[in-house]
Trainee: 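Take a look at the following structure, please.
Atoms within each ligand, like the ligands themselves, are counted from 1 in listed order.
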Amino acid sequence: MENPYITRSPVKDPDGFYGREDILKRIFKDIAGRGMQSHCIIGERRIGKTSLLNQIAHSQVQEEYTEGTEFSIFVKTDLALFPEALPATFFEEWVRDISKISGQAPSKKPGYLSFRRFVEDVTKIGYRIIILLDEFEATAANSNLDRGFFEFLRALTQNYDISFILFSRTPLQHLMREEKFSSKYSSPFFNTLNISYLKFLKEPEAKSLVAEPAQKAGTDITDFIDFILEQAYYHPFLLQLLSSIVFDYKKSSDTNHEKILKEFKIQTEEFFTYLWQHSKNRKHSKSSPQKTRTCQKQSWTTLIEEVSSQKIEAKYSVLHLKNS
Ligand SMILES: Nc1ncnc2c1ncn2[C@@H]1O[C@H](COP(=O)(O)OP(=O)(O)OP(=O)(O)O)[C@@H](O)[C@H]1O
Ligand SMILES: [Mg+2]
């Protein structure tokens, strides 16, 4: 039996997705209402932004949370795939996806005016458009997306049944505060967004994430729940990873905790080094990532808690962008 845990890519299938009901309810309520509300979802690395985006775009989840989304068109764009793209490139992408569902013929020349007309035509016949923008912080490095572009998006949302859901590692106020980007992000578009933070899962969700996949695959790892929760807390990525390691060890009838932990440390090295490099405590402490890992539990908790409560040094993601 194959290992059922998802550790390397965002969750696609609703069966493998745990928790986040509150945020899903909130989003679907806002996009279903009159005067659709745009959102920004902010969450640290590997906390589950893309997995959540995949759920919003999934017809099974849409049916669960709304009365019917047959007239809603969801468009997904991973902004990291479009470095230095011009606004016209995005319009072209969006028009292509929207016209596939609405049947509305795309205009020949993609541009501000023709995109506005296209949205007008599609929404006039009763469709609502929801554009999901993943890796939103990538817009900072794209000099072709200026204040005018975001002003235009805002004008669209105010005049037609269209809304945008942004997913970002960097809180918007941090982007706005950075002088280099302040003009771009001072667009009123950003003041119209509802903001939600993605944090840890809740305890029952974390327990289900650990136990259920193994159960479905015919293996019981419930005797490891406390051990897994103690090491990975309620962080979805860490829970999946440690459960996956435990699953493999249990199948080979080797349940040596030390060995399992060693493997977990190797697999999470890159993740924790990243957290460490962007941790505000780094500046105030003489210890190193190496030391952090050796005095493991306490430091890991602090790091993960910092991440989940967004206490991490404001500038770090912007600095990260500059370095990349
Ligand atoms: N709600 C969830 N249920 C189950 N697993 C989850 C959930 N959210 C995240 N995961 C786990 O966490 C991992 C990372 O999720 P995802 O790629 O969605 O995070 P992300 O915030 O988009 O990360 P990044 O900042 O690197 O883009 C997934 O591979 C999966 O193992
Ligand atoms: Mg992601």
Side-chain angles (χ1 to χ4, degrees), residues 2-27 39-58 60-61 64-65 76-82 132-140 165-171 174 196-217 225 228-229 231-248 264 267-268 270-275 277-278 303-304 307-308 310 312 316-318 320-321 324:
E2 238 178 78
N3 190 316
Y5 293 93
I6 304 159
T7 55
R8 294 279 157 239
S9 54
V11 180
K12 286 202 182 95
D13 189 348
D15 282 349
F17 183 82
Y18 291 85
R20 311 300 191 203
E21 278 96 2
D22 294 351
I23 209 161
L24 281 167
K25 250 187 224 158
R26 191 170 172 213
I27 288 168
H39 275 262
C40 181
I41 289 153
I42 295 160
E44 247 311 317
R45 194 150 189 245
R46 298 275 163 89
I47 199 71
K49 299 177 294 297
T50 308
S51 302
L52 178 70
L53 182 154
N54 288 340
Q55 302 309 300
I56 298 169
H58 200 289
Q60 193 183 311
V61 178
E64 200 181 310
Y65 283 88
K76 295 201 269 189
T77 304
D78 181 349
L79 293 167
L81 293 175
F82 297 87
L132 307 165
L133 301 175
D134 203 7
E135 304 272 344
F136 186 77
E137 61 281 348
T139 55
I165 308 184
L166 283 42
F167 295 77
S168 180
R169 216 173 279 164
T170 314
H174 297 173
S196 301
Y197 289 93
L198 264 196
K199 297 182 182 176
F200 286 158
L201 297 179
K202 294 176 188 147
E203 188 183 341
E205 299 158 359
K207 285 185 169 163
S208 304
L209 188 159
V210 172
E212 271 176 23
Q215 244 154 27
K216 284 183 195 160
I225 283 190
I228 293 172
L229 260 56
Q231 297 299 328
Y233 310 98
Y234 306 145
H235 193 293
F237 166 65
L238 296 176
L239 288 165
Q240 292 266 17
L241 191 63
L242 188 50
S243 303
S244 154
I245 296 168
V246 167
F247 182 89
D248 285 342
F264 183 55
Q267 302 272 347
T268 51
E270 187 260 353
F271 176 75
F272 280 109
T273 304
Y274 176 93
L275 289 192
Q277 282 166 350
H278 299 115
L303 275 177
I304 300 171
V307 165
S308 78
Q310 292 292 327
I312 279 196
Y316 85 84
S317 290
V318 175
H320 175 63
L321 276 171
S324 61

Trainee: To the nearest 0.1 Å, how far is atom 20 (P) of ligand 1 from its closest protein heavy atom, and which atom is that?
Mentor: Lys49 N, 3.4 Å
Trainee: So do Thr50 and Phe167 actually touch side chain to side chain, heavy atoms under 4.5 Å?
Mentor: no
Trainee: If the cut-off is 4.0 Å to any non-hydrogen atom of Arg169, which atoms of ligand 1 fall inside it?
Mentor: 24 (P), 25 (O), 26 (O), 27 (O)
Trainee: For a 4.5 angstrom cut-off between non-hydrogen side-chain atoms, does Tyr18 reach Leu239?
Mentor: no
Trainee: Please determine if Arg45 has a nitrogen or oxygen closer than 3.5 Å to a nitrogen or oxygen of ligand 1.
Mentor: no
Trainee: Would you kindly specify which portion of Leu209 sits under 4.0 Å from ligand 1, judged on non-hydrogen atoms: side chain, backbone, both or neither?
Mentor: side chain
Trainee: Considering only non-hydrogen protein atoms, determine which one is nearest to atom 23 (O) of ligand 1 and report residue, atom name and distance to 0.1 Å.
Mentor: Arg46 N, 3.0 Å
Trainee: Which one holds for Gln240 and ligand 1: side chain close, backbone close, both close, or neither close, with close meaning a heavy atom under 4.0 Å?
Mentor: side chain
Trainee: Note the single closest protein heavy atom to atom 15 (O) of ligand 1, along with its residue, its atom name and the distance in Å.
Mentor: Ser51 OG, 3.6 Å
Trainee: So Pro4 and Lys216, do their side chains get closer than 4.5 Å, heavy atoms only?
Mentor: no
Trainee: Could you give the distance from CD1 (Ile23) to CG (Leu198), rounded to the nearest 0.5 Å?
Mentor: 4.5 Å
Trainee: Are any of the side-chain heavy atoms of Glu135 and Arg169 separated by less than 4.5 Å?
Mentor: yes
Trainee: Please write down residue, atom name and distance for the protein heavy atom closest to atom 19 (O) of ligand 1.
Mentor: Gly48 N, 3.1 Å
Trainee: Can an N or O of Phe17 be found at a distance shorter than 3.5 Å from an N or O of ligand 1?
Mentor: no
Trainee: Taking atom CG of Leu229 and atom OG of Ser243, what is their separation to the nearest 0.5 Å?
Mentor: 8.5 Å
Trainee: I want to know if ligand 1 touches Ser9 in the polar sense, i.e. an N/O pair below 3.5 angstrom.
Mentor: yes
Trainee: What is the closest protein heavy atom to atom 17 (O) of ligand 1, and at what distance does it sit?
Mentor: Pro10 CG, 3.6 Å
Trainee: Ignoring hydrogens and geometry beyond distance, is a side-chain donor-acceptor pair present between Thr7 and Gln240 at under 3.5 Å?
Mentor: no
Trainee: What do you reckon, does Thr50 have a nitrogen or oxygen under 3.5 Å from a nitrogen or oxygen of ligand 1?
Mentor: yes
Trainee: If I take atom CZ from residue Arg46 and atom NE2 from residue His235, how far apart are they, to the nearest 0.5 angstrom?
Mentor: 9.0 Å
Trainee: Using a cut-off of strictly less than 2.8 Å, determine whether Thr50 has an N/O/S atom near the Mg ion (ligand 2).
Mentor: yes
Trainee: With a 4.5 Å heavy-atom cut-off, do Leu238 and Phe264 have their side chains touching?
Mentor: yes
Trainee: Judged by non-hydrogen atoms, does His235 sit under 4.0 Å from ligand 1?
Mentor: no
Trainee: Which of the atoms in ligand 1, numbered in the order shown and given with their element, are less than 4.0 Å from a heavy-atom of Gly16?
Mentor: 3 (N), 4 (C)
Trainee: Within the structure provided, determine whether Asn54 and Lys76 are in side-chain contact (heavy-atom separation under 4.5 Å).
Mentor: yes
Trainee: What residue and atom, counting heavy atoms only, is the protein's closest point to atom 1 (N) of ligand 1, and at what distance?
Mentor: Tyr18 O, 2.8 Å
Trainee: Glu135 heavy atoms, cut-off 4.0 Å: which ligand 1 atoms fall inside?
Mentor: 27 (O)
Trainee: Distance under 4.0 Å to a non-hydrogen atom of Phe237: what atoms of ligand 1 satisfy this?
Mentor: 11 (C), 12 (O), 13 (C)
Trainee: Could you find the nearest protein heavy atom to atom 6 (C) of ligand 1 and give me its residue, atom name and distance?
Mentor: Pro236 CB, 3.5 Å
Trainee: To the nearest 0.5 Å, what is the distance between CG on Asn3 and CD1 on Ile245?
Mentor: 9.5 Å
Trainee: Using distance alone, determine whether Ile6 and ligand 1 share an N or O pair under 3.5 Å.
Mentor: yes
Trainee: Hey, does Leu241 have a side-chain heavy atom less than 4.5 Å from the side chain of Arg8?
Mentor: yes
